[in-house]
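Notes follow the structure.
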Amino acid sequence: MIKSINNHIDKFLASLDDIDDNQKGIIKNKYATTVTDDLKKGHITSNVCMITASVANKNPKELAEILTKMLSDSSEFKTVESAGPGFINVTLHRADFTSVVNEVNKNLINYGESSIGKSKSVQIEFVSANPTGPLHVGHGRGAAYGDAIGRILSLSGYKVEKEYYINDAGRQIDILTTSVFIKVFKKHFTDFFPTNAYKGSYIEDIGSIFIDKNNPELSVDVSLLKDDLPIDEEKEIDELILRIKKNEPSLWLNLKDFALNEVLTSIKDDLKLFNVSFDQWFYESSLGDVSDKNSQVAAAINTLKDKELAYEEKGAIWLNTSSSGDDKNRVLIRDDGRATYFASDVAYHKDKVDRGFNKLINVWGADHHGYIKRIEASLDGLGFEKEKLSVQLVQFANLFKDGKKVKMSTRSGDFYSLADLIKDIGTDAARFYYLSKQADQHLDFDLDLAKSDTKENMFYYIQYAHARICSLITKYEEEYSQLPESAQSISNGSYKSCDKLIHEMSKYPNVVARSCSALQPHLIIFYLKDFAHTFHSFYNDNHVLTESKENIDSIIYCLCGAKTVISNGLGLLGIKAIEKM
RNA sequence: GCGCCUGUAGCUCAGCUGGAUAGAGCAACUGCCUUCUAAGCAGUGGGUCAGGAGUUCGAAUCUCUUCAGGCGCGCCA
């Protein structure tokens, strides 16, 4: 029906001959015809007259009068009124208003879908945590967010590819390997453990499994490895890495692959538990080494050099990023010939664009925001439209348990992992609360609340509505065996208690669309909260199963739709609606 | 110092590309269970939308500025 009203609005705009086509284009882009926030204002509302007034410097109320008359004359709608500063409020004929119930019941899991994505391909890169240890709760928010926007974009007509970038090439992996190496040979190393090595218990676990499978032995004296290391923490670990690589080359490679694989497996397991899936796992190492002229890293840097954006200074290769607004230029290749993380990332983004995506979304921790300019500059330099890239920042979440802040990590290497969180409150509650606030803002995540059974716990409040509906439907099925296929007394207007619920239902597609264009899943959460409230209120005021058979049929048919809306909404967040509480 | 984010009820937060009397939960107070799940519903009180200026028919929303808080500014990843 919104489409029909917009058709009339098109004619209305066409009839205004003192406004030029350019202005009309602006108006068409800006105005909105939507479901009203409240039934008191009718069913559908449009602000087109106010937009027209501001663009063309006219009187909104006068325009509203004209449009009201046009819409009224069509007799397509029950009533049309101009209201407030110039809104057009349309009340639909009963059958049109209630038709959304049929629509929901017909489309089921597809209710809410749209084609705003126009089948464009979009790649979402998220989590991409260094494979040096298990995922912790800091990664959870990005995981929930990236996965949710993937689902929302898919439903909105985008072709979505979700990717995890594995930093398996840098120093961090060397430190991981070294840490495990020491644990494997802990008898030889006795108490020795470098300050900057990883200390979590998972390191020891990986070491134990490696011993079981390989029963390795050192071919050199351990003192050759650990004696006379530099005192500086950073230099100490770097020197140790070098010595192990040199003295135990095959063991090193073997152990490195093993450790990386173990950690990645644990990451994948956790993500699976968290109901997050990826289409691609991209290995940084596949970009090759800068020393190899045929590698992608070298190719990307050469391209930048050819364009005179990359240059040599103080023995290093720099990228001119400041010309694109960065604070200073950045190093691509260090003076010792090793590539920086940034160089790999430039090559990685070149690869992404070469794969032909229409749109790239990077989900990054908010602490990386200083990095955006840099990567944009490199895309610019490689001749790509930086508008294709959208970086979504995810702020840290502070977790509170027993009223106290949960420490993310400690020196000892112990931390509250994503797996711990899932064990504590479950995947669904965790995802829900991660997504309950705009991603780029600080989130205080109260674990006690997430487990509590009060109304304050929005998650259970919504689930409870779904469970109540399921319970009614089950009871109906026990009595009548077959679910109703229409809502007679609702569509003919003899039963109106569901009207508010129907009105809420009709808002859903627009919520999904907004959530899609803003990349904000939390909009769905707040919608569901309102929707659940509308249902609970209805449930209290109406005793469904003692109504007349005709009314019961209608209500149940309508509630099947309500159930679909809740489970679809939660589904977009990667959360399963529960049928019984 | 520079850059980004935030400031809405006592608390935690919504507020859709500027729009109709600024909303919800918690907390406080008052009602509602012999019938479908009370993890629920209905109601009352509570606001200088951090302060100031501007843009306009119209600002919590946009611009500027002040104040307060958070984060980022490596040849780390």
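As a basis for the values below, the full set of heavy atoms in this structure was taken, side chains included, without hydrogen atoms, waters or symmetry mates.
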Self-check item: Base paired to B/C36 (Watson-Crick or G-U; both N/O distances under 3.5 angstrom)
Solution: none
Exercise. Counting Watson-Crick and G-U wobble pairs only, both distances under 3.5 Å, name the nucleotide matched with B/A22, or none.
Key: none
Quiz item: Is any N or O donor-acceptor pair between the side chain of A/Asn540 and the base of B/G40 shorter than 3.5 Å?
Solution: yes
Self-check item: No-H, no-angle donor-acceptor pair, A/Asp367 side chain to B/A77 base, under 3.5 Å
Solution: no
Practice problem: Using atom CD of A/Glu284 as one end and atom C1' of B/C76 as the other, report the distance to the nearest whole Å. | Solution: 13 Å
Quiz item: Over how many whole Å does the gap from A/Ile525 atom CD1 to B/C16 atom P extend?
Solution: 17 Å
Quiz item: So what does A/Asn89 hit on the nucleic acid, given a heavy-atom distance under 4.0 Å: a base, only sugar-phosphate, or nothing?
Solution: base
Self-check item: Complement of B/A68, any strand, by Watson-Crick or G-U distances under 3.5 angstrom
Solution: B/U6
Exercise. Would you check if A/His369 stacks with the base of B/C5, given a 5.5 Å centroid limit and a 30° plane limit, both strict?
Key: no
Exercise. Looking at every strand, decide which applies to A/Lys30 at a 4.0 Å heavy-atom threshold: base, sugar-phosphate, or nothing.
Key: base
Quiz item: Does the ring center of A/His536 lie less than 6.0 Å from the ring center of A/His533?
Solution: no
Self-check item: Near-parallel close stack of A/Phe87 and B/A20 base (under 5.5 Å, under 30°)
Solution: yes
Practice problem: Find out whether A/Thr321 and A/Lys373 are in side-chain contact, i.e. whether some heavy atom of one side chain is under 4.5 Å from a heavy atom of the other. | Solution: no
Practice problem: Could you tell me which nucleotide pairs with B/A42 by Watson-Crick or G-U wobble geometry, both distances under 3.5 Å, or answer none if nothing does? | Solution: B/U30
Self-check item: Integer-rounded Å distance: B/C36 C1' and A/Glu547 CD
Solution: 12 Å
Quiz item: Would you say the side chain of A/Arg514 and the base of B/C16 hold a donor-acceptor pair, judged only by whether the two atoms sit under 3.5 Å apart?
Solution: yes
Practice problem: Examine A/Tyr145 together with A/Tyr434 and report whether their ring centres are nearer than 6.0 Å. | Solution: no
Quiz prompt | N-O pairing of A/Glu163 and A/Lys352 below 4.0 Å | solution = no
Quiz item: Does any nucleotide pair with B/G1 by Watson-Crick or G-U wobble geometry, both distances under 3.5 Å, and what is it?
Solution: B/C73
Practice problem: Tell me whether A/His536 is stacked on the nucleobase of B/C41, counting only the six-membered base ring and applying the 5.5 Å and 30° thresholds. | Solution: no
Self-check item: Distance below 4.0 Å between A/Ser471 side-chain N/O and B/U37 OP1 or OP2
Solution: yes
Self-check item: Check: A/Thr534 main-chain N/O paired with A/Ser537 side-chain donor or acceptor under 3.5 Å
Solution: no
Quiz item: Which nucleotide sits closest to the side chain of A/Arg374: B/A77, B/G15, B/C75?
Solution: B/A77
Quiz item: Looking at B/A20, does its base get a donor-acceptor pair with the side chain of A/Thr45 below 3.5 Å?
Solution: yes
Exercise. Could you tell me the separation between the OH atom of A/Tyr371 and the C1' atom of B/C71, rounded to a whole number of Å?
Key: 18 Å
